[in-house]
K.L.:
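Sharing a structure, written as structure tokens. Questions coming.
Keep in mind that what you see is a predicted model, and the values were worked out from it rather than measured.
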Amino acid sequence: MTVEMVDVQPREAVGASRTAGPLLALGRREARRIVLSPVYAVGFGLVFVTTGIGSFTEGALPTAEHVYEFIGLMLVMMGGLLTYLAAHLVTSSARRTNADRQLESSTMSSRSRGGALCLGVVFGPSAVAAGLLVVLAIIGSNAAFPDGSQRLAVVELVQIALLIVGGGVFGVMTATWLRFPGSLLLGFLVLGLGTPQMYQPTVGPVDTLPWFAPFVTGPGFAEDSWVNLGSQSWHTAYLVGLCCLAVCAVMLHRRVGRGRWLLVSAGVFAATAFFGWMQV
Amino acid sequence: MSPTVVVNDVTKRFARTQALAGVTVEVSAGVTGLLGPNGAGKTTLLRILATVLGPDSGSVRTLGLDPADARDRTRIRRSLGYLPQEPGFQRGFSVFEFVDYVAILKELTPARQRHDEVRRVIAAVDLTSVSGKRVRALSGGMRRRVALAAALLGDPQLLVLDEPTAGLDPEQRLRFRELVSQAGEGRAVLLSTHQTEDVAALCHHVVVLHEGLVLFRGSPSELAQRAEGHVWFAEDRDPSARIAWRTGDGSHRNLGDPPAGVVTVPPTLEDGYLLLVGARDEEAAA
């Protein structure tokens, strides 16, 4: 038997790249997967059926104020939770379907894949939400609100966008670290029940606790009794810090090169703690 | 010419199970078959060669590189295609989307070049007509071909295939055999299988693993020759046979030490394999 011998020196695979191109390409692909998740269609469909139709059918046609209120509430109340669910399901899909067996020998490391999923959250649902918030700002600037406080400030719109980013990266983080079937529900309960618990207006020495909840603190959403106790800008920075902490947690899952990410995480943690302290 | 893969005295243990107990194997260009019963350590060895697992002891050199080194591992992965046992597919992916997704994970860019490569490998496994279909809507054989297409991305120098024909019907198996044969031209292919016919048809070299040890290394004909003089037909099961079964024409094919005077027949690779593994099991039982 004759066997054709090959050169056994490794060569670069066809088109192989060492730049950030693959990470961005994967980020875009994950963004598409997250945005197209059926979770959004089901979740927002339910919100529309339960709240939207009712408010729209009260008058002959929905007013700009109706649309403004509906989009705003939908994004605030459901945006983060639904993005959490979609991001978790996309992150865990390879494990749930055994596809990870084929992917684990790929050139891109699990850390890069986690990073791409976080990028996907920014590229996908957050970009869509940002678009909706711009629409909201345009409607808000033209709508005639009887009560001026219903119009959301720019800082509140930014906080809403951060809720959606935060929900997504929290979903990536829980799916990365908690690799068991109940982790989706567990994270959902933490977000869905823990956040409202923290957000309750309280009295006494812990009346600043709501400011530490990952939620919007503007007067459009919060109770007036405690909203003036802190700074909206610092709270926005605090939310950015929480998002970055979740991304760091995703990066820390892989053991190789963990030391560098521990340093980064320590820095992010310190900054987030500082922002949290400054906000109140 | 040096071999593509050199595995030297590799061991691997999972809790109380010794999966590999000092395996030494070389893989060169062409198709190398890896035979062995369930639990022999085939999948563990393949996962080590696919750089997914690291050995507890011993050394592995792939394409002259050390998979234990992170940079070398990345270089190996650029030249490696791996088809795991029972590959899974995420919901919602079409054939093109799945292979393209794996292509991104293999860091193939830019997009146009990557899409050309995806189309090339889909055509190589003859799935162009269904490239827009959901993977989960395809038959088992077609899904294996999708996974093979993903493994072929980037024209790898080493292809590691873990039981690619398990569970396929005869027609699909023959189709897959043709694809593996084509894939083995000009590259090293390591094929793990239970199907001795596949090894006989495809492989220039065969390794038999049993309980984490290499029982045999050589050509398929050499493995078959192990049973030379040990296969005979009789009307009934011969008491001296280690293994015997009734064939379609009613006679019994006996494997073992033949009684004096019987006429032996030329053995097959399967005969050689069964005698080899059977003898080992008898030794272990004794």
K.L.:
Donor-acceptor check, side chain of A:Gln102 to backbone of B:Ala147, threshold 3.5 angstrom: yes or no?
P.N.:
yes
K.L.:
What part of A:Arg32 lies closer than 4.5 angstrom to a heavy atom of chain B: side chain, backbone, both or neither?
P.N.:
side chain
K.L.:
Atom CZ of residue position A:Phe188 - does it have more than 12 heavy atoms of other residues, nucleotides or ligands inside 6.0 Å?
P.N.:
no
K.L.:
For A:Thr97 and B:Phe89, work out which heavy atoms get closest and say how close.
P.N.:
CB-O, 3.5 Å
K.L.:
Just give me the residue among A:Val256, A:Asp100, A:Leu26, A:Asn98 that pairs up with chain B most often, heavy atom to heavy atom, under 4.5 Å.
P.N.:
A:Leu26
K.L.:
Is atom CZ of B:Arg91 surrounded by more than 12 heavy atoms (other residues, nucleotides or ligands) closer than 6.0 Å?
P.N.:
no
K.L.:
Taking atom CZ as the centre, does A:Phe269 end up with more than 12 heavy-atom neighbours from other residues, nucleotides or ligands that are less than 6.0 angstrom away?
P.N.:
no
K.L.:
Could you measure the distance from the CD atom of A:Glu104 to the CZ atom of B:Arg77? Nearest 0.5 Å is fine.
P.N.:
8.5 Å
K.L.:
At what distance, to the nearest 0.5 angstrom, does OG1 of A:Thr107 lie from CD1 of B:Ile104?
P.N.:
12.5 Å
K.L.:
Tell me, with the steps shown, if B:Gln90 and A:Val90 meet side chain to side chain contact (heavy atoms under 4.5 Å, CB included).
P.N.:
CA-CA 9 Å; B:Gln90 290 106 319; A:Val90 167; over 6 Å; no
K.L.:
First locate atom CG of A:Leu23, then atom CD of B:Glu107, and finally report the distance between them rounded to the nearest 0.5 Å.
P.N.:
9.0 Å
K.L.:
To the closest 0.5 Å, what do you measure between OG1 (B:Thr74) and CE (A:Met108)?
P.N.:
11.5 Å
K.L.:
Checking A:Arg33 against B:Tyr101: charged group under 6.0 Å from the ring centre and within 45 degrees of the axis?
P.N.:
yes
K.L.:
Quick one: closest heavy-atom pair of A:Ser105 and B:Ala50, and the distance?
P.N.:
CB-O, 3.3 Å
K.L.:
With rounding to the nearest 0.5 Å, note down the distance linking OG1 in B:Thr43 to CZ in A:Arg101.
P.N.:
9.0 Å
K.L.:
Charged N to carboxylate O below 4.0 Å: is that the case for A:Arg29 and B:Glu97?
P.N.:
no
K.L.:
Heavy-atom pairs under 4.5 Å with chain B: which of A:Arg113, A:Arg96, A:Glu30 has the most?
P.N.:
A:Glu30
K.L.:
Heavy-atom distances under 4.5 Å only: say whether B:Glu86 touches chain A with side chain, backbone, both or neither.
P.N.:
both
K.L.:
Calculate, to the nearest 0.5 Å, the distance between atoms CG and NZ belonging to A:Leu103 and B:Lys106 respectively.
P.N.:
10.5 Å
K.L.:
Go through the atoms of B:Phe93 and report whether side chain, backbone, both or neither lie under 4.5 Å from a heavy atom of chain A.
P.N.:
side chain
